[in-house]
Amino acid sequence: MHTPATLVRGGTSKCWLFNQVDVPAGRGDLEKLLVSAYGATDPVELDGVGGATPTTSKAAVVGAAPEPGVDVDYLFAQVGIGTGSVEWTSNCGNCATGVALYAVAKGMVAITGDRTRVVMRNTNTGAVLEGVVDTTGGVVHHFGHQTVPGTRAGGVAVGLTFRDPAGGTTGSLLPTGRAAQDLPVAAAEPVRVSMVDAGAPVVLIDALGAGRTGAESLERMGADVPWLRTVRHAAAPLMGLLEPGEEPGDAVPKVGLVGPPVPYTTTLGEQIAAADYDVSVRMLSMNAPHPAIGLTSAVAVAAAGLVEDSVVCRTAGGPRDEWLRLGTPAGIVAVRCTDLRDGLPRRVTVQRAARLLADARIYVPETGRIHAPATGRTQAA
């Protein structure tokens, strides 16, 4: 059997996008299809279309949204690498950037001049995002010059905005009610953290207090993965992310280090001065160091920067204004918080780029054959 799909680059991720009418509606059958298509039982995903890294083993199912004021729904899938499983509990802002361009290119959203706005709902989390796609001249562009930290390749400019991101999963920007606290960690010293829910649930560690800098190399971050996982797992129940008796996972909360700005060299060899940005950030993506930063994590860091006494706010030297500049392994990512109400940002925006890479038919082994595709909307999480 074969399944139509489109490969997109959104920001620093690659993601296969599927139209919901071409894939099963049931979550179980959809997972079987993705595992088979990606070769996800193999740690190098050789016999499939998976990219064998957390930023390139992603998928989304896209369809028309029945909700007024929303153009498309998308169900995000983080396809496991060597696990034969799919994680459904999170969102991916980089993939949402690709979804916005895809929706315009496939005629799901009508072009409206030089800029076309696409309103998207992530059905995993309920988050609503806006992508403003460059359609200069009233046409879809397949190439562009917009770049983002982490790649020198250009793409079509997409301004991505998270609407009302605070508390989307837990109901509160600060799920424990505290801007920062000492978190007991199994077989390790307690660490000072801020547990934040904006864009995604995130636990942000005070790097200096934990004997780190927040500007670690990817190799050093890799060595710290076991410790960072224990921090994540200790924070999950306090943030209300686990049911009683449930085992913690490795998708949420996201976890990372926050430290003061220091001079460093990016993964592309660019020299960054301490004066060029506000805080250093190093995050995990599943169980690997993120080569840049996930956009949902960037939203959480920026929102935390507005909160007095949070790890981010204290590290940055006080509450930020609209802009917070994050020093990531790939370079500086600037995040803008606007329309503040009661200290909460109603809009958080990051400038990104996307490109359609291929339209394809993915051949899936007969053992992965699933019953007939759905004709209705994708099941929401």
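Residue numbers start at 1 and run along the sequence shown.
- Thr3 and Asp22 are not linked by any side-chain donor-acceptor pair at a separation below 3.5 angstrom, with hydrogens and angles left out of the test.
- Nearest heavy atoms, Gly11 versus Arg352: CA-NH2, 3.7 Å.
- One N or O on the side chain of His141 and one on the backbone of Thr136 form a donor-acceptor pair closer than 3.5 Å.
- Seen from the ring of Phe143, Arg9 does not count as a face-on cation partner, given the 6.0 Å and 45° thresholds.
- Without hydrogens or angle criteria, Glu87 side chain to Thr89 main chain gives a donor-acceptor distance under 3.5 Å.
- Within the 3.5 Å criterion, the main-chain N or O of Thr338 finds no donor-acceptor partner in the side chain of Arg347.
- Checked for salt-bridge contact, Arg121 and Asp73 meet the test: a charged N lies under 4.0 Å from a carboxylate O.
- Annotation: Arg325, atom CZ; neighbour count of heavy atoms from other residues, nucleotides and ligands within 6.0 Å is above 12.
- Taking every heavy atom of both residues into account, Trp16 and Ala5 meet most closely at CE3-CB, 3.6 Å.
- Of all heavy-atom pairs spanning Pro345 and Leu306, the tightest one is CD-CD1, 3.8 Å.
- Within 6.0 Å of atom CD in Glu246, more than 12 heavy atoms from other residues, nucleotides or ligands are found, so the atom counts as buried in its surroundings.
- With a 4.5 Å cut-off on side-chain heavy atoms, Val255 and Val202 do not count as touching.
- Side-chain atoms of Thr266 come within 3.5 Å of backbone N or O of Glu270 as a donor-acceptor pair.
- Looking only at distances, a side-chain donor or acceptor of Asn124 sits under 3.5 Å from a matching main-chain atom of Phe76.
- Contact between Trp323 and Asp278 at its shortest, heavy atoms only, is O-OD2, 4.3 Å.
- Scanning all heavy atoms of the two residues, the minimum distance from Pro54 to Gln78 falls at O-NE2, 2.8 Å.
- No side-chain heavy atom of Thr349 sits under 4.5 Å from any side-chain heavy atom of Val335.
- Judged purely by atom type and a 3.5 angstrom limit, Thr83 has no side-chain atom pairing as donor or acceptor with the backbone of Val86.
- Two different hydrophobic clusters hold Val258 and Val252 under the rule that ILVMFWY side chains link at heavy-atom gaps under 4.5 Å.
- For the pair Thr56 (side chain) and Gly51 (backbone), a donor-acceptor distance under 3.5 Å is present.
- Judged purely by atom type and a 3.5 angstrom limit, His290 uses its side chain to pair as donor or acceptor with the backbone of Ile293.
- At least one donor-acceptor pair under 3.5 Å links the side chain of Ser280 to the backbone N or O of Pro260.
- A side-chain donor from one of Gln271 and Thr265 sits under 3.5 Å from a side-chain acceptor of the other.
- Other residues, nucleotides and ligands place more than 12 heavy atoms under 6.0 Å from the CG atom of Asp114.
- Ion pairing of Asp197 with Lys254 is absent here, as no side-chain N (NZ or NE/NH1/NH2) approaches a carboxylate O to less than 4.0 Å.
- Here the two rings, on Tyr74 and Phe18, have centers that are 6.0 Å apart or farther.
- With salt bridges taken as basic N to acidic carboxylate O contacts below 4.0 Å, none links Arg282 and Glu216.
- Across all their heavy atoms, Ser297 and Met283 have their closest contact at OG-CE, 3.6 Å.
- Checking side-chain atoms of Arg212 against main-chain N and O of Ala210 turns up a donor-acceptor pair under 3.5 Å.
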